Number of protein chains: 2
Amino acid sequence: MPGLVHVVDDDASFRTAIERRLKLAGYDVVTYASAQDFLNAALDDEQPGCILLDVRIPGLSGPELQNRLIASGSTLPIIFLTGHADTPTTVQAIKAGAEDFLTKPVSSELLLDAIARALARQDAARSHRGRLEAFRAHLATLTQRERQVFDLIVRGRINKQIAYELGTTERTVKAHRHQVMEKMQVHSLAELVSIAERLGMLDSNGG
Amino acid sequence: MPGLVHVVDDDASFRTAIERRLKLAGYDVVTYASAQDFLNAALDDEQPGCILLDVRIPGLSGPELQNRLIASGSTLPIIFLTGHADTPTTVQAIKAGAEDFLTKPVSSELLLDAIARALARQDAARSHRGRLEAFRAHLATLTQRERQVFDLIVRGRINKQIAYELGTTERTVKAHRHQVMEKMQVHSLAELVSIAERLGMLDSNGG
DNA sequence: CTTCATATTGTCCTTTGGGGCAGTGACACG
DNA sequence: CGTGTCACTGCCCCAAAGGACAATATGAAG
């Protein structure tokens, strides 16, 4: 699994050394001397890659950068790599979704394992999001009215009830329903409900 | 949030002290001198509670007990509380789902916070499981044939196709379909699909 | 052998879903 | 004012789902 590893560490000699090791393993590497440098790079979240992040760095700390990235919706997996690991920081980092928390010096085996896991996880998450994104895109093309009909359809209402609830006629609901199926590119009610469920639109049902 | 805290630690004086502190905070407490003692107690997984677990104890270690419990399907939340935390153990414990990883001596504030979070999480998980359990129970009452029909229905097949795939007639499928709706206690296809999706039966669709 | 659960199937009828064809009305944009 | 989108609707027809009523067949259990 190829990928781009972002190394964020204030220790220049460490950056050089780790870059050499990672390139030997076949990875592309970019290094940053601070969290701010990384943020300024304005990265593509979709590209295969991960972050190798020191905890104690001047300016924004590693965990602070992690929080920023999470808040901004980034899904780049993070591997912490630090010389001084204290338990609360470790716990917090993992709870926040870090792929791993390693201590310097790190064996190449542990490091490369962690990177491989991070890239695999990102890949799985990306393809999962990709499928949902297609549905979200289709959903966005629905008009207000079509969206209302959609919501009632996937909750099990029949056309007659939908017509009543929207103050219109069954024939009109049928027309909208047709548009919904067309725009969502599905061929059965089951598919439509399945999508709605995956998009988290049915968490509290009114069936 | 009341609950039963299971304290597993080989240090008798620690057990006595922590039991006193937790009872003062309003919790019920049971103590165990070893992981094996805890396993022998054969607990009710559904009762509100959590485990306060030492890492290094004679016999089964804390993480080993955690693995056993996970393998046996237990959902009791675990809070590790240990005197010597090393990073890999900490990371592994949290990744495996431990609620927290604390070090002795622990402030009452941190400890009680962790316990409260653990109980809240267990409660949420239990109520979530509870809803699904009802569906699983209904699902279990389906005969083989009804289950086959169920699987095809929620994948969007129409009766004619189901009949063909099962080598029977449309009328027979209707009969089974009726039984499925009856036994699953739903009134619409949408509800049925929604349930199937929540039970993870539609992860790779064939729609 | 009787009883029960399961699976099967037919006929007939009603309700729903789906869609073709055609037309109306509102509203925005240029 | 012409054009386009969106919402709405009637008539008619076909396909699919749902169910009432009735019946056959098979295998396990007692």
Side-chain angles (χ1 to χ4, degrees), chain A residues 135-199 201-202 205-207, chain B residues 134-197 199 201-202 205-207:
Chain A
F135 296 138
R136 282 192 217 283
H138 294 156
L139 200 61
T141 70
L142 297 183
T143 66
Q144 270 196 329
R145 208 51 160 170
E146 286 161 359
R147 176 57 188 271
Q148 292 176 317
V149 171
F150 173 92
D151 287 337
L152 292 169
I153 287 175
V154 296
R155 280 175 176 71
R157 304 286 201 285
I158 63 180
N159 289 344
K160 194 180 297 184
Q161 293 173 314
I162 297 173
Y164 178 75
E165 292 186 39
L166 297 184
T168 181
T169 68
E170 199 176 330
R171 184 62 188 83
T172 304
V173 172
K174 284 186 183 183
H176 291 319
R177 188 169 187 144
H178 177 78
Q179 286 299 310
V180 169
M181 301 294 280
E182 184 98 8
K183 289 185 175 178
M184 296 301 292
Q185 294 180 20
V186 295
H187 300 90
S188 68
L189 173 58
E191 278 181 84
L192 202 67
V193 175
S194 183
I195 289 171
E197 186 69 57
R198 288 175 202 194
L199 290 177
M201 309 176 65
L202 293 176
N205 227 324
Chain B
F135 296 137
R136 280 192 217 283
H138 294 155
L139 199 63
T141 70
L142 297 184
T143 66
Q144 269 196 328
R145 207 55 159 167
E146 286 160 0
R147 175 56 188 272
Q148 291 175 318
V149 172
F150 174 93
D151 287 338
L152 292 170
I153 288 175
V154 297
R155 280 174 176 72
R157 305 287 200 286
I158 64 180
N159 289 344
K160 194 181 296 185
Q161 293 173 313
I162 297 173
Y164 178 75
E165 291 187 40
L166 296 184
T168 181
T169 68
E170 197 177 332
R171 184 62 190 82
T172 303
V173 173
K174 283 187 183 182
H176 290 319
R177 188 168 187 144
H178 177 80
Q179 287 298 310
V180 168
M181 301 295 279
E182 184 97 8
K183 288 185 176 178
M184 296 302 291
Q185 294 181 18
V186 295
H187 299 88
S188 70
L189 174 57
E191 279 181 84
L192 202 66
V193 175
S194 182
I195 289 171
E197 186 69 56
L199 290 177
M201 306 175 65
L202 293 176
N205 228 325

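What you are looking at is a predicted structure, and each value in this text was computed from that prediction instead of being measured. Side chains are part of it too, since the values below use all heavy atoms of this structure and drop only hydrogens, waters and symmetry mates. Naming convention: chains lettered A, B, ... in sequence-line order (proteins, then strands); numbering from 1 in each chain.
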Which distance, rounded to the nearest 0.5 Å, do you find between the CG of B:D151 and the CZ of B:R157?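 So the CG of B:D151 and the CZ of B:R157 are separated by 10.5 Å.
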Examine [N]: is either OP1 or OP2 under 4.0 Å from a nitrogen or oxygen in the side chain of [X]? Give yes or no.
| X | N | value |
| --- | --- | --- |
| A:T143 | D:dA7 | yes |
| A:K160 | C:dT16 | yes |
| B:R171 | C:dT11 | no |
| A:T168 | D:dT9 | yes |
| B:N159 | D:dA17 | yes |

Whole-Å distance between [N] [atom2] and [X] [atom1]?
| X | N | atom1 | atom2 | value |
| --- | --- | --- | --- | --- |
| B:E182 | D:dA17 | CD | C1' | 16 Å |
| A:K174 | C:dG19 | NZ | P | 10 Å |
| B:E191 | D:dG18 | CD | C1' | 16 Å |
| A:L166 | D:dA7 | CG | C1' | 12 Å |
| A:R157 | C:dT15 | CZ | P | 21 Å |
| B:Q179 | D:dG19 | CD | P | 11 Å |
| B:L192 | D:dA17 | CG | P | 13 Å |
| A:H176 | C:dG19 | NE2 | P | 15 Å |

Using modelled atom types only, decide if a donor and an acceptor are shared between the side chain of A:E182 and the backbone of A:H178 within a distance under 3.5 Å.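 No; judged by distance alone, with no hydrogens or angles, the pair does not exist.
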Which residue lies toward the 5' end of DNA chain C, B:T169 or A:H178, if each is placed at its nearest nucleotide?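 Here B:T169 is the residue nearer the 5' end.
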Does any donor atom in the side chain of B:R147 or B:Q144 lie under 3.5 Å from an acceptor atom in the other side chain?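 No, no side-chain donor-acceptor pair sits under 3.5 Å.
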I want to verify a distance call: between D:dA17, C:dG17, C:dT8, whose nearest atom is closest to the B:I158 side chain?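 Between D:dA17, C:dG17, C:dT8, the one nearest the side chain of B:I158 would be D:dA17.
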Which nucleotide in the set D:dA7, C:dG17, D:dA17 lies at the smallest distance from any side-chain heavy atom of B:R177?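 Looking only at side-chain atoms, B:R177 lies closest to D:dA17.
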Using a heavy-atom cut-off of 4.0 Å across all strands, would you classify A:T172 as base, sugar-phosphate, or nothing?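 A:T172: base contact, heavy atoms under 4.0 Å.
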Indicate yes or no: at least one non-hydrogen side-chain atom of B:I195 is less than 4.5 angstrom from one of B:V154.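 No, too far: nothing below the 4.5 Å cut-off.
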How do A:T141 and B:L189 order along DNA chain D: which one's closest nucleotide is nearer the 5' end?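 Comparing both residues, the 5'-ward one is A:T141.
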Of all residues at least two apart in sequence or in a different chain, which pass the side-chain contact (heavy atoms from CB on, under 4.5 Å) check with A:N159?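 For A:N159, the residues satisfying side-chain contact (heavy atoms from CB on, under 4.5 Å) (neighbours in sequence not counted) are A:I162, A:E170, A:V173, A:K174, A:R177.
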